[in-house]
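Working notes, structure below.
Throughout, numbering of the chain's residues begins at 1 and tracks the sequence. Because the structure is a prediction, the values reported are computed rather than measured.
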Amino acid sequence: MKKTLSILLLLFVTLVCFNGCSDAEEASAETIHTKACTIEISGMMCEKGCKTTIQNRINDMSGVVNGEVDYALGKAFITYDANTLSCADIIAEIQSIGDGLYDAKIVEDKDIENAPVHLEEDAQNGSASVSNFSFEVPDISWVFSDLL
């Protein structure tokens with residue numbers, strides 16, 4: 001009985017140690033500086049064409065996490081990685097659509113609380129994955145209930 005319990009305990013500790021995040025992984029991860037900006041856009045004439053065109057161009061930019069354009073308010077709400085681009089870059093992109101058809105100006109640009117998030121890049125295929133380095137212990141109480 002003690003031998004079985006010892007083996008299970010050793011197995012549990014091994015699982016916890018190997019499934020956690022190592023210091024080497026954390027050191028190689030790049031911290032994303034997440035910011036949110038609100039941009040006022042004038043010159044939009046329709047929701048389907050103008051709004052969709054601007055929103056697609058914003059979301060295609062490298063470093064943009066999420067971009068939403070509200071036609072009724074005439075504003076864009078963008079979450080982006082400040083290490084990759086700035087709100088001024090987004091404004092320049094909007095103003096470049098249709099040879100200056102749209103005018104854009106910054107309303108607000110602020111840091112988002114509860115960042116940072118860590119970004120790990122895979123150099124072979126150019127992909128990136130975001131992880132928060134948390135660990136959840138699995139529920140194995142059923143193993144111990146059989147021992148009692």
Determine whether a donor-acceptor pair (N or O, by modelled atom type, separation under 3.5 Å) exists between the side chain of E93 and the backbone of I58.
no
Heavy-atom nearest pair, A104 first then I91, reads O-CG2, 3.6 Å
CD1 on I97 to CD1 on I41, rounded to 0.5 Å:
8.0 Å
Separation of I94 CD1 from Y102 OH (nearest 0.5 Å):
10.5 Å
Over all heavy atoms of both residues, which pair between S96 and R57 is shortest? Give the atoms and the distance, please.
OG-NH2, 3.3 Å
Got a second to check how far E108's CD is from C87's SG, nearest 0.5 Å?
10.0 Å
Measure the spacing between CE of M44 and NZ of K75 and express it to the nearest 0.5 Å.
11.0 Å
Taking D89 for the side chain and S86 for the main chain, is one N or O donor matched with an acceptor at less than 3.5 Å?
yes
Once you round to the nearest 0.5 Å, how far does CD1 of I39 lie from CD1 of I90?
5.0 Å
Heavy-atom pair with the smallest gap, counting every atom of Q95 and D103:
NE2-OD1, 3.1 Å
If I compare all heavy atoms of N59 with all of G67, which pair ends up nearest, and what's the gap?
OD1-N, 2.8 Å
Sub-4.5 Å side-chain heavy-atom contact between Y80 and D109
yes
Checking E40 side chain against V107 main chain: does a donor-acceptor pair fall under 3.5 Å?
no
Treating D111 as the side-chain partner and K35 as the backbone partner, does any N or O pair qualify as donor plus acceptor under 3.5 Å?
no
Straight-line distance of L101 CG to C50 SG, nearest 0.5 Å:
6.0 Å
Closest non-hydrogen atom pair between S62 and L85, with its separation
O-CD2, 3.1 Å
Are the side chains of M61 and I78 in contact, using a 4.5 Å heavy-atom criterion?
no
